[in-house]
S.K.: 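Submitted below is the structure of interest, expressed as structure tokens.
Here the structure is a predicted model, which means the values were calculated and not measured.
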Amino acid sequence: MSRPNAALLLAALFAFVLVLGGIGVLKGGFYLGKHEGDTLHFLQIVMRMVGGETPHVHFMTPTGALAFAPVAFQMGQGLTIGDEILWS
């Protein structure tokens, strides 16, 4: 038996994630099928963070600030929430 090649496995996993992520982006939109309430909660938290409020100081969230920080940062740079949901 031979030892598994870690580089080959990593490349295969990266290609798999790239293909599945590309399918979602090429679809051309974000369609909510489930968890609309969670999505609206996510949008509210991100919009509050973009407005300068801090999680757990100005409002409570079920998760930490780092869960929303990348999206809030990029929205502050000018991307729309739709683009952020697709690319995240």
S.K.: Identify which one of Ile45, Ile81, Asp83 satisfies the side chain to side chain contact (heavy atoms under 4.5 Å, CB included) criterion when paired with Val71.
M.R.: Ile81

S.K.: Quick one: does Thr54's side chain have a donor or acceptor within less than 3.5 Å of a partner on Val57's backbone?
M.R.: no

S.K.: Answer yes or no: does atom CZ of Phe59 have more than 12 heavy-atom neighbours from other residues, nucleotides or ligands under 6.0 Å?
M.R.: yes

S.K.: Taking atom CG of Leu43 and atom CE of Met75, what is their separation to the nearest 0.5 Å?
M.R.: 8.0 Å

S.K.: Is there a path from Phe16 to Leu18 through hydrophobic residues (I, L, V, M, F, W, Y) whose side chains come within less than 4.5 Å of each other?
M.R.: no

S.K.: Looking at Leu9, I want to see if its CG is surrounded by more than 12 non-hydrogen atoms of other residues, nucleotides or ligands under 6.0 Å.
M.R.: yes

S.K.: Could you list all the side chain to side chain donor-acceptor pair (under 3.5 Å) pairs where at least one residue sits in residues 58-67, not counting sequence neighbours?
M.R.: His56-Thr61

S.K.: Would you say Pro62 and His41 make side-chain contact, with heavy atoms under 4.5 Å?
M.R.: yes

S.K.: Do the non-hydrogen side-chain atoms of Val50 and Phe73 ever get within less than 4.5 Å of each other?
M.R.: no

S.K.: Kindly work out whether a path of hydrophobic side-chain contacts (I/L/V/M/F/W/Y, heavy atoms less than 4.5 Å apart) joins Leu40 to Phe68.
M.R.: yes

S.K.: Work out which heavy atom in Met49 is nearest to a heavy atom in Ala72; give both atom names and the distance.
M.R.: CB-CB, 3.9 Å

S.K.: What is the distance from atom CG of Leu10 to atom CZ of Phe14, rounded to the nearest 0.5 Å?
M.R.: 8.5 Å

S.K.: How would you list, by chain and number, every residue that makes a side-chain hydrogen bond (donor to acceptor under 3.5 Å, both in side chains) with Glu53, sequence neighbours excluded?
M.R.: Arg48

